[in-house]
Each structure stands twice: as structure tokens, then as C-alpha cells.
Number of protein chains: 2
Amino acid sequence: METAEPDLSAELLALDNQLCFAVYSANHAITRMYKPLLDRLGVTYPQYLVLLVLWERDSVRVGEIGERLMLETNTLTPLLKRLETLGLVDRQRSPQDERRVIVSLTDKGRNLRGEAARLPERVFAASGCSVPEVQELRGALVALRDRLRARSGE
Amino acid sequence: METAEPDLSAELLALDNQLCFAVYSANHAITRMYKPLLDRLGVTYPQYLVLLVLWERDSVRVGEIGERLMLETNTLTPLLKRLETLGLVDRQRSPQDERRVIVSLTDKGRNLRGEAARLPERVFAASGCSVPEVQELRGALVALRDRLRARSGE
DNA sequence: ATGATATATATCGTGCACGATATAATCGTT
DNA sequence: AACGATTATATCGTGCACGATATATATCAT
């Protein structure tokens with residue numbers, strides 16, 4: 001016999017034992033929960049994330065949005081153009097540094113914040129979690145993410 | 001004054017306080033960690049998930065793969081065709097019920113399992129988590145996901 | 001047997017995500 | 001001043017994800 005643990009290998013590869021699939025499927029479930037709520041605002045979930053960044057601090061570079069959301073410009077550029085088409089943001093080159101494109105909220109984009117403010121609460125209610133549970137889960141995920149990111153860069 | 005808690009609203013919408021973004025960004029980090037490992041097997045992460053299903057039980061309907069991965073056929077059909085083009089699976093109509101398409105592993109697809117068996121361990125090592133931590137995190141995510149799915153259907 | 005309904009998969013269009021590459025502006029060194 | 005390297009954004013091609021719709025088979029009521 002070459003190997004004495006056929007079960008260990010099967011256990012390791014079982015879908016329901018995989019943390020990665022738990023994260024993957026939870027992400028889809030959350031996105032689907034947000035979908036009908038965001039439809040009413042007329043934006044997609046990644047677009048909503050960009051708005052969260054801008055509602056915190058307006059008029060930032062494309063690259064800075066990318067750093068916060070951990071996305072590349074090849075994702076953000078077309079997304080930001082759609083937000084511009086929707087009339088929610090403006091994009092203009094920085095006069096100081098013509099390489100930079102500054103993204104800023106329009107009045108319409110700023111006003112959307114009021115409607116969006118209700119969303120996290122509604123998703124929280126659907127989650128069935130307590131506040132400490134959510135915080136612990138979030139903390140564990142962020143810690144995991146940051147460790148993986150540190151290892152990926154090596 | 002209409003509202004006395006401008007800070008509460010800001011807190012709720014802060015990117016770094018959002019569980020949804022923690023899940024979203026952790027998912028990306030995990031996918032990026034898998035990417036170079038899966039490149040060597042010649043498959044993408046969602047394709048790998050399909051293979052996990054088939055390695056557990058071979059020759060299943062498209063719809064059953066969809067149920068396990070929580071994906072629709074509009075995602076799976078083209079993905080399965082790519083796996084077929086890669087020579088990893090076969091797709092054939094069920095003789096009993098001509099509506100069904102049965103997906104089964106080729107020898108090549110079966111053989112890939114040996115190489116894939118090392119992956120979870122390597123990602124686990126990069127996670128920096130202990131086994132109980134991973135299990136708790138996975139359990140919390142699955143519970144959250146299933147509650148959200150139950151609420152979404154309402 | 002026949003038509004209505006349900007089931008299983010496929011197709012189409014849009015948007016996200018990313019590797020690879022391109023383009024243009026800036027900076028540093030000489 | 002000039003040139004190479006770096007920085008910031010954009011473009012292109014591929015694959016995933018999903019809503020809407022289509023198609024074909026199966027089932028059920030009559």
C-alpha cells in the first residue's frame with residue numbers, strides 16, 4: 001500500500017470542508033441579498049462600494065479607490081465611467097499631475113447616501129447575527145485576508 | 001435638528017465596518033492565492049469547484065452541480081463546455097431523461113485530483129489560522145450564508 | 001391522445017475581475 | 001536639456017455571474 005489515508009485526502013477536498021467555498025458562497029449570498037436593494041438605487045454592488053469610499057472622503061484618485069477596494073484600474077475605469085454615465089460622479093484630470101484622474105461625487109451622488117444609509121441595517125437584520133458576532137466574523141475575515149495578501153506578495 | 005446622530009450613519013456606511021466588504025475582499029484574496037496554484041493545473045477557481053463536486057461523486061446532472069455550488073446553468077453551461085474542451089469532463093444527455101445533461105470526469109479529470117489534493121493544505125498554511133479557527137470561521141460563514149439564502153427566498 | 005404545465009438546459013446581453021499591454025505624464029540622473 | 005525609469009490610468013481579451021428569455025423534453029389532467 002502506498003498510502004494509508006484515502007479518507008484524509010477525501011476530507012481535505014470535500015466541498016463542505018473548504019473554507020474557501022464558505023467564503024465564496026457567502027459572498028454570493030450577500031451580493032444577492034443586496035441586489036434588490038441596490039436595484040432601487042440603480043447601482044451594482046461594486047459601484048456601491050465605490051460610493052462608500054467617496055461618501056467617506058470625496059475627490060480621490062482612481063488609484064486610491066483601488067487601494068481601498070483592492071481592485072485594479074482595469075476593473076475600476078469602466079466601472080467609474082458607468083457611474084459617470086449615471087450622473088453620480090465626475091472624473092477629471094488633476095491639474096497638478098495630469099496622470100491622475102480625480103473622482104468626485106455629483107450632487108446626485110451625494111444625495112444617494114441618504115437612501116443607502118438604510119441598507120447595512122437591513123442586511124444585518126437578514127443575517128440573523130448579533131452585533132458581537134458580526135464584529136468577530138468581520139475581524140476574522142479581515143485578518144485572514146490581510147495574512148493571505150501578505151503571503152501572496154512574497 | 002432632524003437627526004442627532006450624524007456619526008451613527010457615518011459609522012454604518014464606513015467601508016471598514018462592513019461585514020459585506022470583509023467577505024467580498026477576503027473572497028478576492030483567497031481567489032488570488034489559489035490563482036497561481038490552479039494555473040499549474042490549467043483550471044480557474046470556479047472550474048476547480050466543479051471538479052471538487054465531481055471528485056466527490058461522479059456523473060451528476062448540471063442542475064445538481066448548480067445546487068451544490070449555488071450557481072445557475074447560465075454560469076455553468078459555458079464553464080462546463082470549457083472543462084470539456086480541456087478534456088477534463090464529458091457531457092452527455094441522459095438516455096432516461098433527454099432533458100438532463102450528465103457531467104462525468106474523464107481519466108484526465110480524475111487524475112488531476114492527485115495534484116489538487118495538495119492545494120487546500122497550502123492555502124491553509126498561508127492563512128495563518130489554526131484548525132479550530134478555520135472550522136469556526138467556516139461554520140459562521142455557512143450559517144450566515146444559509147440564513148441570508150432563507151431570507152432571500154421570502 | 002392532446003394540450004397545459006413543469007422541468008432541464010442553453011442562449012443572450014451586461015457588468016465585474018484580472019493578466020497583459022499600451023499610453024502619457026512625471027521624476028531622477030546626468 | 002535629455003533620456004531612462006517610474007507612476008497613473010486606460011485598453012484588450014478571457015472567464016465568471018446573473019436576469020431574461022428560449023427550447024426541448026417530460027408529466028399531468030382531461
Side-chain angles (χ1 to χ4, degrees), chain A residues 20-21 24-36 38-39 42-51 60-67 69-86 88-89 91-103 149 152, chain B residues 20-21 24-36 38-39 42-51 60-67 69-86 88-89 91-103 149 152:
Chain A
C20 68
F21 179 62
Y24 173 87
S25 56
N27 183 51
H28 285 175
I30 291 174
T31 305
R32 287 169 195 145
M33 173 63 64
Y34 268 100
K35 179 83 171 49
L38 290 172
D39 278 349
V43 297
T44 66
Y45 181 70
Q47 289 167 9
Y48 166 71
L49 292 180
V50 169
L51 292 175
V60 296
R61 289 179 297 115
V62 173
E64 194 168 342
I65 297 173
E67 286 164 22
L69 300 182
M70 302 167 195
L71 295 173
E72 307 299 322
T73 65
N74 48 13
T75 298
L76 286 173
T77 297
L79 188 157
L80 292 168
K81 285 184 178 174
R82 285 177 214 115
L83 283 178
E84 189 177 34
T85 301
L86 290 169
L88 297 173
V89 306
R91 296 161 62 242
Q92 47 193 353
R93 292 275 164 187
S94 164
Q96 287 79 34
D97 185 341
E98 286 281 338
R99 293 173 304 180
R100 299 184 172 188
V101 169
I102 306 297
V103 181
R149 282 167 56 80
S152 288
Chain B
C20 69
F21 178 63
Y24 172 88
S25 56
N27 184 50
H28 285 175
I30 292 174
T31 304
R32 287 168 195 146
M33 173 62 65
Y34 267 101
K35 179 84 170 50
L38 290 173
D39 278 349
V43 297
T44 66
Y45 181 70
Q47 288 168 9
Y48 166 72
L49 293 180
V50 169
L51 291 175
V60 296
R61 288 178 298 115
V62 173
E64 193 169 341
I65 297 173
E67 286 165 22
L69 298 182
M70 303 166 194
L71 295 173
E72 306 299 320
T73 67
N74 47 14
T75 298
L76 286 173
T77 296
L79 188 158
L80 292 168
K81 285 183 178 176
R82 283 175 216 118
L83 282 179
E84 190 177 33
T85 301
L86 290 170
L88 297 173
V89 306
R91 297 162 61 243
Q92 47 194 351
R93 292 275 165 186
S94 164
Q96 287 80 33
D97 185 340
E98 287 280 338
R99 294 171 303 181
R100 299 183 172 187
V101 168
I102 307 297
V103 182
R149 281 167 57 80
S152 288

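- Distances were taken from every side-chain heavy atom of B/H28 (C-beta onward) to each of C/dA10, C/dA17, D/dA8; the shortest belongs to C/dA17.
- Taking only side-chain nitrogens and oxygens, B/Y48 never comes nearer than 4.0 Å to OP1 or OP2 of D/dG15.
- Separating the CD1 atom of B/I65 from the P atom of C/dA10 is a distance of 10 Å, rounded to the nearest angstrom.
- In this structure, the nucleotide among C/dC12, D/dA10, C/dA8 sitting nearest to the side chain of B/N74 is C/dC12.
- Distance from the side chain of B/T73 is smallest to C/dT9 among C/dT9, D/dA17, D/dA10.
- Put simply, A/R100 has no side-chain N or O that comes within less than 4.0 Å of OP1 or OP2 on C/dA25.
- Distance B/L80 CG to C/dT9 C1': 11 Å, rounded to the nearest Å.
- Phosphate proximity of D/dT14 to B/K81: absent, as no side-chain N or O sits under 4.0 Å from OP1 or OP2.
- If you take CD on B/Q92 and CZ on B/R100, they are separated by 14.5 Å, rounding to the nearest 0.5 Å.
- Between the CG atom of A/D39 and the P atom of D/dC18 there is a distance of 13 Å, rounded to whole Å.
- Along DNA chain C, the nucleotide closest to A/P95 and the one closest to A/Q47 are compared, and the more 5′ of them pairs with A/Q47.
- One interatomic measurement links the two molecules: CD of B/E72 to C1' of C/dT7, which rounds to 14 Å at whole-angstrom precision.
- If you take CG of A/L86 and P of C/dG15, they are 9 Å apart, rounded to a whole angstrom.
- Residue B/L76 is classed as having no contact, given no heavy-atom separation below 4.0 Å to the nucleic acid.
- Looking at heavy-atom distances under 4.0 Å, B/Q96 makes contact with sugar-phosphate atoms alone, never a base.
- Closest contact between the side chain of B/R93 and the listed nucleotides D/dG15, C/dT9, C/dA6 involves C/dT9.
- Annotation: the span from A/I30 atom CD1 to B/N27 atom CG amounts to 10.0 Å, rounded to 0.5 Å.
- Residues A/V50 and A/L69 meet the side-chain proximity criterion, which asks for heavy atoms closer than 4.5 Å.
- Closest to the B/V101 side chain, of the nucleotides C/dA17, C/dT9, D/dT9, is C/dT9.
- A straight line from CG of A/L79 to P of D/dA10 spans 12 Å, rounded to a whole angstrom.
- With hydrogens and angles ignored, no donor-acceptor pair closer than 3.5 Å exists between the side chain of B/R99 and the base of C/dT9.
- Atom CZ of A/R93 and atom CZ of A/R99 lie 10.5 Å apart (nearest 0.5 Å).
- Ring-plane geometry between B/Y48 and B/Y34 is classed as tilted, the angle between the planes lying from 30 to 60 degrees on a 0 to 90 degree scale.
- Using a 4.0 Å heavy-atom criterion, one finds that B/T75 contacts the bases of the nucleic acid, with or without backbone contacts as well.
- A distance of 12.0 Å separates CZ of B/R61 from OG1 of B/T73, quoted to the nearest 0.5 Å.
- Rounded to an integer number of Å, the gap from CD1 of A/I30 to C1' of D/dA17 is 16 Å.
- Comparing A/S94 and B/R61 by the nucleotide of DNA chain C that holds the closest heavy atom to each, the one mapping nearer the 5' end is B/R61.
- The side chain of A/Y34 contributes no N or O atom lying less than 4.0 Å from OP1 or OP2 of D/dC18.
- Remark: P of C/dC18 and NZ of B/K35 are 10 Å apart, rounded to the nearest angstrom.
- Nearest to the side-chain atoms of B/V62 among the listed nucleotides C/dA24, C/dA10, C/dG19 stands C/dA10.
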